[in-house]
Amino acid sequence: MKIGVVGCGGRMGRMIVSTIATTEGCEIAGGTEPPLSPLLGQDVGAQAGLAPAGLVVGDDAQALFRAADVVVDFTAPDATALHARLAAEMSVPLVAGTTGLTADEQKAVEDAARSVAIVQAANMSVGINLLLGLTEETAAKFGDDYDIEILEMHHRHKVDAPSGTALALGRAAAKGRGVELDAVAQRVRDGHTGPRRAGDIGFATMRGGDVAGEHTVVFATEASRIEIVHRAISRAVFAGGALRAALWLDGKPPGLYSMRDVLGLG
Amino acid sequence: MKIGIFGCGGTIGRLLVREVVATEGCELSGGTSRPGGPHIGIDVGEPAGLEPVGLAISDDPRAVMAASDVIIDFSLAPATAQHMLLAAETGIPVVLGTTGFDADDYAAIDRAAADAAIVEAPNTSANLNFLLMLIERIAGVLGDEYDAEVLSMSERRLPFAPSGTAMEVAKTVAAGRGANIDDVLEKVRDGVIGPRPPGTIGIAVVRGGRVSGGQRVIFAGDDEIVEVAYRSTDPAIYAKGAVTAAQWVVGKPPAKYSMRDVFGLA
Ligand SMILES: NC(=O)c1ccc[n+]([C@@H]2O[C@H](COP(=O)([O-])OP(=O)(O)OC[C@H]3O[C@@H](n4cnc5c(N)ncnc54)[C@H](OP(=O)(O)O)[C@@H]3O)[C@@H](O)[C@H]2O)c1
């Protein structure tokens, strides 16, 4: 499968290019960067730290879509909206990993997905998406007898808490229970908290060292407890997940798909 | 429903006696213990700390079977072959909670299952069985690019390793990958073992404490790790699950069933 990488010189773009080189069934179709990028004209493989691929970085996304079976996009929100339109026009499926889209940009992606298959996910890691699916399912299966707590740890430089992924896990748990997270989230505990309220979803945050990101979802009831854990090691997980999505898209009918669809988690 | 208990003087046996007596619709029909052992002849309620129930602990499993609709067996592995022969003879269903079987015992179980409904139940906790379902799904999604390791802790008394639960967990990982556990299991590591062979499933065994411990499965990929874990602190949950299984299996056609069948956790 020939994979085009728009934004191939970005941090994720380079990761995608090098993961393509080591993924069975994948072949690089080419890469683009915006006009004026200093990378234009360089070799797509070499700029990612690999052996030359014999393809130069261009700025013509249309030409890239023409040469590719599927395109992977970790760029900027406005560029992603444009790439979604191109994907629809040229009937080439798209894996869209860019985050922070405005409502208009998101609508462009959704419109495009009416005529071409698009996988969109804010987090492409296979493991995190497994966790999201299993958390929702487990929360739906177990009632309020089971207390749900979400524990996360990240490196000392992270400025927000709980992490976006911890909150997404909380939303998945709340969804499984058929409630809104905001109504049940217990984001901090300090001082005389009183007993735990049934149905609450608790968060605990740790910061330190260079931890790439660890999340634990605990389901605790009397006399037993289940935990589901994810530990990120490197950003390459996102590239691995994006390529898994790219391979999965082969032959899929138009539609906007999630990583849960890709992983068959219903 | 009349329930007989094999091994009714043991740690789980006593809890079973209490659970059966406390469960609506269930009636205790007798109990056995080791022939020549200290429990023979005393009231079934006594080891469990109950008022006398008017039944003496027997050393004759055939007689107890004849008086019962279903048997729950939490005795010890050397008794299993005989118990399975009796099940085949009488057609009385058995919830088999005993663990530590050898190949002959497994063969005896399979033979009995031709003529009686047998629930092979190395772990009767509902949560552990829910976890098995998660493990099978995770193993299927991640495949053997993620090295799977089982870390299993049991109480200090358990005289064999790995525990029945640890083996059940490892088998479930293999099943999720479409592999056969006998081909991929790595039970011991000691000395110069060389690099980890791809596709294997390791089991590490930990022992300590008085109550049943926990299981953890680690799926270690190059760039991320997914883990699921289960801990239990009160063996009464095993008795509860075993009685649920007994109620479920009465009236089922002869076959070998699992606790996942009982709980509907396909
Ligand atoms: N399925 C599960 O969820 C689960 C959970 C926990 C344990 N287990 C397993 O269940 C079994 C029992 O565990 P436990 O902790 O209760 O052990 P335990 O305290 O040693 O109890 C075993 C009992 O069986 C009796 N027994 C021995 N031979 C017998 C025979 N031929 N006929 C009838 N009774 C006999 C023993 O009598 P004496 O004391 O006179 O020898 C003892 O009272 C073990 O195999 C254990 O691994 C399974």
Side-chain angles (χ1 to χ4, degrees), chain A residues 15 18-19 22-24 123-142 145-146 165 212-244 248 259-260 262-266, chain B residues 15 19 123-149 151 153 165 169 176 211-241 260 263-266:
Chain A
M15 198 82 88
S18 59
T19 308
T22 57
T23 304
E24 210 174 310
N123 186 323
M124 295 259 168
S125 136
V126 170
I128 284 293
N129 284 284
L130 248 180
L131 235 64
L132 287 168
L134 298 180
T135 295
E136 182 180 327
E137 209 178 301
T138 305
K141 161 103 191 161
F142 295 154
D145 245 18
Y146 285 74
T165 302
E214 298 193 353
H215 295 87
T216 302
V217 185
V218 181
F219 296 87
T221 189
E222 262 164 59
S224 83
R225 179 160 114 214
I226 283 177
E227 284 177 25
I228 314 178
V229 186
H230 182 266
R231 304 181 204 281
I233 297 170
S234 95
R235 296 170 65 86
V237 286
F238 306 122
L243 289 186
R244 189 156 170 167
W248 178 86
M259 280 304 284
R260 282 174 67 177
V262 172
L263 301 179
L265 294 172
Chain B
L15 296 167
E19 187 66 27
N123 193 305
T124 50
S125 144
N127 285 342
L128 189 277
N129 283 280
F130 181 79
L131 194 81
L132 291 176
M133 185 196 70
L134 295 185
I135 289 168
E136 188 167 335
R137 304 258 303 277
I138 294 171
V141 168
L142 297 181
D144 57 14
E145 278 161 52
Y146 288 67
D147 301 327
E149 295 282 313
L151 177 62
M153 175 151 178
T165 304
V169 167
V211 266
S212 26
Q215 313 294 326
R216 178 173 291 264
V217 187
I218 300 162
F219 296 92
D222 289 347
D223 307 305
E224 64 178 347
I225 296 174
V226 174
E227 295 178 19
V228 286
Y230 159 84
R231 254 173 251 221
S232 69
T233 51
D234 181 357
I237 58 178
Y238 301 116
K240 208 180 258 312
R260 282 172 68 185
F263 292 121
L265 297 168

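All figures in this text were calculated on a predicted structure; none of them were measured in a lab. In what follows, every chain begins at residue 1, and chains take the letters A, B, ... in the order their sequences are listed.
With a threshold of 4.5 angstrom between heavy atoms, Leu130(A) approaches chain B through side-chain atoms but not through N, CA, C or O. Residue Phe219(B): no heavy atom, backbone or side chain, is found under 4.5 Å from chain A. Heavy-atom distances place no part of Phe238(A) under 4.5 Å from chain B, backbone and side chain included. Neither the backbone nor the side chain of Arg235(A) comes within less than 4.5 Å of any heavy atom of chain B. Neither the backbone nor the side chain of Thr216(A) has a heavy atom closer than 4.5 Å to any heavy atom of chain B. Looking at Tyr146(A), the atoms closer than 4.5 Å to chain B (heavy atoms on both sides) all sit in the side chain, from C-beta outward. For Leu265(B), the part lying near chain A is the side chain, with the backbone staying farther off; criterion is any non-hydrogen pair under 4.5 Å.
Within the 4.5 Å cutoff, the side chain of Glu137(A) has no heavy atoms near those of the Leu265(A) side chain.
Ranked by heavy-atom pairs under 4.5 Å with chain B, the first of Val229(A), Ile228(A), Ile226(A) is Val229(A). For chain B, the option among Ser125(A), Gly213(A), Ala223(A) with the highest count of heavy-atom pairs below 4.5 Å is Ala223(A). Heavy-atom pairs under 4.5 Å with chain B were tallied for Ala232(A), Gly133(A), Ser234(A), Gly240(A); the largest tally goes to Ser234(A).
Rounding to the nearest 0.5 angstrom, the gap separating the CZ atom in Arg231(B) from the CZ atom in Arg216(B) is 6.0 Å.
Ser232(B) and Tyr238(B) form a side-chain donor-acceptor contact under 3.5 Å, judged by distance and modelled atom types alone. In the model, Thr165(B) has no side-chain atom that pairs as donor or acceptor with a side-chain atom of Gln215(B) under 3.5 Å. Defined by atom type and a distance below 3.5 Å, a donor-acceptor pair is missing between the side-chain atoms of Tyr230(B) and Asn123(B).
Among Ile135(B), Leu134(B), Leu132(B), the one residue that satisfies the side-chain contact (heavy atoms from CB on, under 4.5 Å) test with Val217(B) is Ile135(B).
Note on ring orientation: taking the six-membered ring where Trp is involved, the planes of Phe219(A) and Phe142(A) are perpendicular (angle over 60°, cut-offs 30° and 60°).
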